[in-house]
**Student:** 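Input: one structure, supplied below.
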Amino acid sequence: MDGLAIQIDERVKDVHFTEDTISVDLMDGRTITVPLVWYPRLLNATPAQRKQWEVCGGGYGMHWEALDEDLSTAGLLRGAPSPEAIRKQS
């Protein structure tokens with residue numbers, strides 16, 4: 001081995017948005033980007049509301065108090081849209 005060990009760390013470092021996506025930067029350097037339409041509460045929120053998030057779940061989740069929205073890095077990595085988004089597709 002060359003002494004370089006990859007450290008997997010799926011805790012949240014930062015969250016940012018474009019018009020169509022939410023991206024979550026992880027502590028290990030990866031970024032998860034998913035369609036914002038998967039999370040209707042965030043999609044319909046104002047930019048100011050989206051910025052008001054906090055880390056939760058021991059570092060593995062994000063919480064938006066004003067929107068009553070919680071996401072986890074495990075769910076994002078699994079590609080799991082919110083149940084609300086799934087119902088709208090049906």
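All values derive from a computational prediction rather than experimental measurement.
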**Student:** Please find the pair of heavy atoms, one from Thr33 and one from Ser23, that lie closest to each other, and give the distance.
**Tutor:**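 Closest heavy-atom pair between Thr33 and Ser23: OG1-OG, 2.7 Å.
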
**Student:** Taking C-beta and beyond as the side chain, do Val15 and Leu71 meet within less than 4.5 Å on heavy atoms?
**Tutor:** no

**Student:** Please find the pair of heavy atoms, one from Arg50 and one from Trp64, that lie closest to each other, and give the distance.
**Tutor:** O-NE1, 2.8 Å

**Student:** Looking only at heavy atoms, what is the nearest atom pair of Asp28 and Ile8, with distance?
**Tutor:**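 In terms of heavy atoms, the two residues are closest at OD2-CA, 3.7 Å.
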
**Student:** So if you build clusters from Ile, Leu, Val, Met, Phe, Trp, Tyr with side-chain heavy-atom gaps below 4.5 Å, do Val37 and Ile86 land together?
**Tutor:** no

**Student:** Identify the heavy atoms of Ser82 and Tyr39 that sit nearest to each other, and give their distance.
**Tutor:**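 Looks like N-CE2, 3.8 Å.
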
**Student:** So if you build clusters from Ile, Leu, Val, Met, Phe, Trp, Tyr with side-chain heavy-atom gaps below 4.5 Å, do Leu77 and Ile22 land together?
**Tutor:**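 Yes: a chain of side-chain contacts under 4.5 Å links Leu77 to Ile22.
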
**Student:** Give the minimum heavy-atom separation between Leu76 and Met62, together with the two atoms involved.
**Tutor:**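 Heavy-atom minimum between the residues: CD1-CE, 3.9 Å.
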
**Student:** Find the distance between CD (Glu84) and CD (Glu69) and round it off to the nearest 0.5 Å.
**Tutor:** 6.5 Å

**Student:** Considering non-hydrogen atoms only, spot the tightest contact between Thr31 and Asp25 and give its length.
**Tutor:**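 Distance-wise, the nearest heavy atoms are OG1-OD1, 2.8 Å.
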
**Student:** Enumerate the residue pairs fulfilling side chain to side chain donor-acceptor pair (under 3.5 Å) with a member in residues 51-63, sequence neighbours excluded, ordered by first and then second residue.
**Tutor:**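 Pairs touching residues 51-63 that pass the test: His63-Glu65, His63-Asp70.
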
**Student:** Going only through I, L, V, M, F, W and Y residues with side-chain contacts under 4.5 Å, is there a path from Val34 to Leu36?
**Tutor:** yes

**Student:** Measuring from atom CZ of Arg41 to atom CG of Leu67, what distance do you get when rounded to the nearest 0.5 angstrom?
**Tutor:** 8.5 Å

**Student:** To the nearest 0.5 angstrom, please state how far the CD1 atom of Ile32 sits from the CG atom of Leu26.
**Tutor:** 4.0 Å

**Student:** Are the side chain of Ser72 and the backbone N or O of Gly61 linked by a donor-acceptor pair below 3.5 Å?
**Tutor:**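 Absent.
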
